[in-house]
Amino acid sequence: MSPVAKQLPSSVLVVGAGGREHALVRALLASPAKPRVLCAPGNAGIAQDATCFPVAADDIAGLVALAQREKAEFVVVGPEVPLSLGLVDALTKAGIPAYGPKADGARLEASKVFTKQILLKHGIPTAPAGIFTEVQPALDYLKQRGAPIVIKADGLAAGKGVVVAQTLGEAEVAVRDMLAGNKFGSAGSQILIEDCMFGDETSILVVVSGRDYVILPVSQDHKRIGDGDTGPNTGGMGTYSPAEVVTPELLARIDREIVRPSVDAIAAEGIEFRGTLFIGIMLTASGPSVLEYNTRFGDPETQVVLPRLKTDVLALLWAAARGELRGMSLDVRPDAALCVVLAARGYPDKFPKGDVITFPAQLPPQTTVLHAGTARNPAGQIVTNGGRVLGVTALAPTLREAAARAYAACEQIECASKYYRRDIGARQLNRP
Ligand code: GLY
């Protein structure tokens, strides 16, 4: 990366408690600047690497006070909720530099309607959609468009607000649940009904600073709970990078038709965006098309993207936060990375907590276990404490070797409620 960002911060607070934050903590600790890394609230695994503080990720005043008390010189915000609650606005007001958009930029994730309006206004490829607050006009629109069709709650719904309805019956249930049944509270009081797109889905994570940006290595997530992409949607059950379906030519097209226009559109709307713009893209037969914007690092995309960077992640995020990204480029390892999420059986619905996890004494080479939903019980043992529990991540010269390493580690980790998909990466590995 050049020019090298001077004067890097000597202490960084990471906000969040999941696998993404564990990956961020590890990447920041690997910086040649050797910063002190703190995390709030963190989890049992993050606490092995960084000092954790029991301040919730949505406690804006508490996080600002923590950053001041611990003299954090930089704050990196993981999840979308604190961003949309204005954590970066509050930190900026307190004079503490932070990575992540302010609340106006976070609205690109917090309101799907807002994003759809921007995409359509600026001619960025996306599916046609209708916006509704009343049941009957929504049902009329459904009949007009037919199935399959996508129903999206406008607001944040912890990844559960999108229904891909295969039949008009399913679509009607989703519309009624959201608009009349209050299923997602105010997040579902306005909905989008969007044409269904078909193709490979890909995650494009872009570090943005105003009109400047760098595109991180491309990855693919596995959103469904079951092998072969079956069952309900989850936050993500595994990822790999690079995603070879995105050839250099296709990436150049995505940059030209989607990334550059998106960054320019956001700036033209008066938003000074400094953070990660995570663009979910469907590679349709007629070209790449935007599914959604997220305004943070993906989880578990981050777990495979950051380990592939030789670039100092601290310098990269610091430069973006300070508006000094121009002229920077990335140094990427040629190795493939693959992450298998170990979940608690029953996720994404009901799942147990408190099951003891036993880790092998030795992991395969270049394999690491990132913690997501873990805690310590009164006996000091590491136990499950969430739906997605661990992210087992391996690097290797090929994706096949990375998968073999990650899966060997998954088998060695013991936990009564352990569940994981057996086909992470298969789409690419089985491609003729
Ligand atoms: N893995 C999808 C997301 O972070 O939203």
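All ligand and atom numbering here is 1-based and tracks the order in the structure. Worth knowing before you read on, the calculation uses all heavy atoms, side chains too, and leaves out hydrogens, waters and symmetry mates.
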Would you mind telling me which of Lys152, Lys116, Arg145 makes a salt bridge (charged side-chain N to carboxylate O under 4.0 Å, His left out) with Asp195? Arg145
Which ligand 1 atoms does Gly298 reach within 4.0 Å, using its non-hydrogen atoms? 4 (O)
Taking Asp335 first and then Lys310, would you say they form a salt bridge - that is, a charged N and a carboxylate O separated by under 4.0 Å? no
Does at least one non-hydrogen atom of Phe278 fall below 4.0 angstrom from an atom of ligand 1? yes
Give me the nearest non-hydrogen protein atom to atom 5 (O) of ligand 1 as residue plus atom name, then the distance to 0.1 Å. Arg296 NH2, 2.8 Å
Enumerated ligand 1 atoms positioned under 4.0 Å from heavy atoms of Glu301: 1 (N), 2 (C), 4 (O)
Whether the Tyr293 and Glu109 side chains hold a donor-acceptor pair (N or O, under 3.5 Å, no angle test) is what I'd like checked. no
Considering Ser203, Gly18, Gly280, Gly235, which one's heavy-atom position lies nearest to atom 2 (C) of ligand 1? Gly235
Test side-chain hydrogen bond (donor to acceptor under 3.5 Å, both in side chains), reference His22, set Asp299, Thr393, Asp49, output is Asp49
Does Glu292, backbone or side chain, put an N or O under 3.5 Å from an N or O of ligand 1? no
As an exercise, identify every atom of ligand 1 less than 4.0 angstrom from a heavy atom of Asp221. 1 (N), 2 (C)
Which bit of Arg20 is near ligand 1, meaning a heavy atom under 4.0 Å away: side chain, backbone, both or neither? neither
When you check the gap from the basic side-chain N to the acidic O, do Glu172 and Arg176 get nearer than 4.0 Å? yes
Side chains of Arg260 and Arg211 in contact at under 4.5 Å (non-hydrogen atoms): yes
